[in-house]
Undergrad: 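Structure below; questions to follow.
What you see is a predicted model; the values in this text were computed from it and never measured. Note: hydrogens, waters and symmetry copies are ignored here, and every other heavy atom, side chains too, is used. Chain letters run A, B, ... following the sequence lines, proteins first and then strands; every chain starts at 1.
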Amino acid sequence: MNQEAQAAVPIITIEQAGAHAGGTVTIRGWLYNLRESGKLLFPIFRDGTGIMQGVVSQKEHLEVFGALKGLPQESSVIATGAIRAEARAPGGFEMGVSAIEVVQRVADAEPYPIQLKEHGVDFLLDRRHLWIRTPRQAAILRIRAEAERAARNFMDAQGYTLTDAPIFTPAACEGTTTLFEVNYIDEQKAYLTQSGQLYVEALAAALGKVYTFGPTFRAEKSKTRRHLTEFWMLEPEAAYAHLEDMIQLAEGLVSAVVQSVVKNRTRELEMIERDVASLQKIKPPFPRITYDDAIKVLQKAGNPTKWGDDFGGDEETIISKEFDRPVVIHRYPAAMKAFYMATDAARPELSLSFDMIAPEGYGEIIGGGERLADYDTLVRRLREHNLPEESFQWYLDLRRYGSVPHAGFGLGLERTVAWICGTEHIREVIPFPRMLYRVYP
RNA sequence: UCCCCGGUAGCUCAAUGGUAGAGCAUUCGGCUGUUAACCGAAGGGUUGCUAGUUCGAAUCUAGCCCGGGGAGCCA
């Protein structure tokens, strides 16, 4: 091909290939796999948007054949050729490769470690920087991006302003869980945030309806498929809002995220073989059950949980299996919730709190409720929880100066996306998972 | 922190007290429509580490290291 003709060839992405059937194009990517059949080669290219098979015959393109033959997996290549519909090719289209440029050839002595077959979790996590190249992982990360975009769009459309809470905090937000301590300036200690909750309350009093969306850190020694030490949380908070408002907002948010993924990431959901029918059902209102009734459901199922006990994974699974949509459990006993949770005036032993449990055993994806607005009660609670009052003076100011009823919640992004994707573990839905005993790569 | 499971070739696994194996990957050869291609050949091992039992240990015992799942805690 001469220079002039080459300049006219459009550079496209693989997902656009169907629109160029019959034409000659250039794709830039990596060699995903190479099958050889005598004097025919079948290179499979990937470029991040999809994979496409190429075909090269030795007779027709001797030079291209020689460049591709024996080329190791994941070598980077720029391929040019005619696109045509081909039923025998994965994806339905293939490229008759007429020119190839090997950008970087992977060394034969150090072949690409991740093969197109089953691997163990430990091996893959140690090579997460390469693992994300596999089509399944790439599809999951695209679904995550869509979920984030949909969540922001929904919150913005509801009149909530995105505000960013600090990552460094002077002390515990909730006091109960373990914090990551870091050296701040001049011998000072600071902690990585475990929730933007307290700050978002201040922002709600300033802007009305707000939310934060950012990373959260928990130094809990939790080793389960539902835990990360670093995860992303979306936390709305609204002044003059009550429990009911937040439950409705949570239903709307989760539904909007799921439906947006179903609509805009259909191909990715198919790629990871997710049952889309079960996602299409996710529309408000969601089933609701009080803590009192949840206890009855559990006891009926033979579970030994009694009133006053918190729910573990088993209990959540029993309750969520009763429904085909996320279920809202509300009005937990006040004793088991955080110090800032408001109590039910009709029954002071109950908090105006709610959790949303995802279907299919993915656990709690949302926790929230109405906050205590009264200064004296809040101070008493701080003391009951043995929290350092001096650290919370700024927070108490919110009750000194124009305190109002307000409510909010936190949505765990990874648990939500793991449920939408149907992954075994939430570590697959974040690019570089940080877990107990694993911070590499 | 506690409970359970695991660690054998680069990878996935087999071998349950008696010569350490297969598939994939790698190297070489063959094949004009392959679909994680296939066929033939070759190279590749301190069986996580240490000590013990035994004529003999991948296998049994103890301790340690590393990883996974779960509990507690939480999104």
Side-chain angles (χ1 to χ4, degrees), chain A residues 32-44 51-60 65 70 72-73 86-92 94 96 106-127 134-136 173-179 194-197 215-235 250 254 309-317 336-338 355-358 362-368 409-419 424-427 429-430 435-438 440:
Chain A
Y32 175 67
N33 194 17
L34 179 66
R35 287 190 282 267
E36 304 187 28
S37 180
K39 293 178 174 56
L40 273 186
L41 293 179
F42 295 96
I44 314 283
I51 62 170
M52 184 170 66
Q53 172 171 295
V55 61
V56 188
S57 87
Q58 187 176 33
K59 203 169 89 184
E60 290 169 35
F65 188 91
Q73 189 190 355
E86 170 55 68
R88 289 170 292 187
E94 74 175 13
V106 171
D108 291 324
E110 286 184 286
Y112 187 67
I114 299 179
Q115 300 173 35
L116 297 136
K117 62 165 204 165
E118 299 272 330
H119 288 285
V121 166
D122 190 39
F123 178 82
L124 289 171
L125 284 173
D126 280 342
R127 293 158 184 79
T134 63
R136 177 183 165 81
C173 282
E174 307 189 13
T176 51
T177 46
T178 329
L179 292 158
Q194 60 181 350
S195 167
Q197 156 81 48
T216 299
F217 308 87
R218 303 268 168 99
E220 296 155 4
K221 298 209 170 175
S222 301
K223 286 184 71 168
T224 84
R225 73 188 71 188
R226 301 186 308 277
H227 286 89
L228 297 169
T229 53
E230 176 184 311
F231 64 98
W232 283 62
M233 190 152 67
L234 188 154
E235 300 181 274
V254 170
D309 292 343
D310 206 347
F311 300 153
D314 287 350
E315 289 74 31
E316 287 176 356
T317 303
M336 70 174 63
K337 288 291 175 183
D355 286 352
M356 187 183 289
I357 313 295
Y362 284 91
E364 186 184 335
I365 54 173
I366 284 178
F409 62 83
L411 172 134
L413 178 69
E414 286 77 13
R415 285 187 185 177
T416 305
V417 176
W419 158 54
E424 178 70 19
H425 196 297
I426 65 170
R427 65 187 159 215
V429 308
I430 186 166
M435 305 185 293
L436 189 62
Y437 309 134
R438 190 180 284 283
Y440 179 92

Undergrad: Under 3.5 Å for both donor-acceptor distances, Watson-Crick or wobble: does B:rG6 have a partner, and if so which one?
TA: B:rC66

Undergrad: Mark yes or no for a side-chain to base donor-acceptor pair under 3.5 Å between A:Ser222 and B:rC74, with no hydrogen or angle criteria applied.
TA: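 No, the side chain and the base share no sub-3.5 Å donor-acceptor pair.
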
Undergrad: Closest-nucleotide mapping onto RNA chain B: is A:Arg127 or A:Pro111 further toward the 5' terminus? I mean the 5' end.
TA: A:Arg127

Undergrad: Quick one: label A:Gln73 by what it contacts on the DNA or RNA (base, sugar-phosphate, nothing), any heavy atom closer than 4.0 Å.
TA: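 Nothing: the residue A:Gln73, judged by heavy atoms under 4.0 Å, touches no strand.
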
Undergrad: Check residues 53-60 of chain A and write down every donor-acceptor pair under 3.5 Å in which the side-chain atom is one partner and the other belongs to a residue at least two apart or another chain.
TA:
residue	atom	partner	partner atom	Å
A:Gln53	OE1	A:Arg35	NH2	3.4
A:Gln53	NE2	A:Glu94	OE1	3.1
A:Ser57	OG	A:Glu60	N	3.1

Undergrad: Categorize A:Asp355 for me: base, sugar-phosphate, or nothing, with a 4.0 angstrom heavy-atom threshold over every strand shown.
TA: nothing

Undergrad: Describe the nucleic acid contact of A:Pro90 in one word from base, sugar-phosphate, nothing, applying a heavy-atom distance below 4.0 Å.
TA: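 It contacts base atoms.
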
Undergrad: Using the side-chain heavy atoms of A:Thr224, tell me which of these nucleotides is nearest: B:rA71, B:rG67, B:rU32.
TA: B:rA71

Undergrad: Check for me: is A:Phe42 stacked on B:rG33 by the 5.5 Å centroid and 30° plane-angle rule?
TA: no

Undergrad: Within the 4.0 Å heavy-atom criterion, would you say A:Glu86 contacts the bases, only the backbone, or no part of the nucleic acid?
TA: base

Undergrad: Going by purine N1 to pyrimidine N3 plus the second Watson-Crick contact, or the G-U wobble pair, all under 3.5 Å, which nucleotide sits opposite B:rC28?
TA: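 Base-paired to B:rG40.
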
Undergrad: When we call it a touch if two heavy atoms are under 4.0 Å apart, what does A:Glu364 touch: a base, just sugar-phosphate, or nothing?
TA: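 Counting heavy atoms under 4.0 Å across all strands, the contact made by A:Glu364 is with sugar-phosphate only.
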
Undergrad: Looking at A:Arg415 and A:Glu364, is there a salt bridge between them, counting it only when a charged N and a carboxylate O are closer than 4.0 Å?
TA: no

Undergrad: What is the pairing partner of B:rA22, taking Watson-Crick or G-U wobble pairs with both distances under 3.5 Å in any strand?
TA: B:rU12

Undergrad: Suppose we call a contact any N or O donor and acceptor under 3.5 Å apart; does that hold for the side chain of A:Arg438 and the base of B:rC66?
TA: no

Undergrad: Does A:Glu94 make a side-chain donor-acceptor contact with the base of B:rG33, cut-off 3.5 Å?
TA: yes

Undergrad: Which residues pass the side chain to side chain donor-acceptor pair (under 3.5 Å) test with A:Thr317, not counting sequence neighbours?
TA: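 In terms of side chain to side chain donor-acceptor pair (under 3.5 Å), with neighbours along the sequence ignored, A:Thr317 is linked to no residue.
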
Undergrad: So what does A:Ile44 hit on the nucleic acid, given a heavy-atom distance under 4.0 Å: a base, only sugar-phosphate, or nothing?
TA: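 Nothing, no heavy atom under 4.0 Å.
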
Undergrad: Once you apply a heavy-atom cut-off of 4.0 Å, does A:Gly120 come out as touching a base, just sugar-phosphate, or nothing?
TA: sugar-phosphate

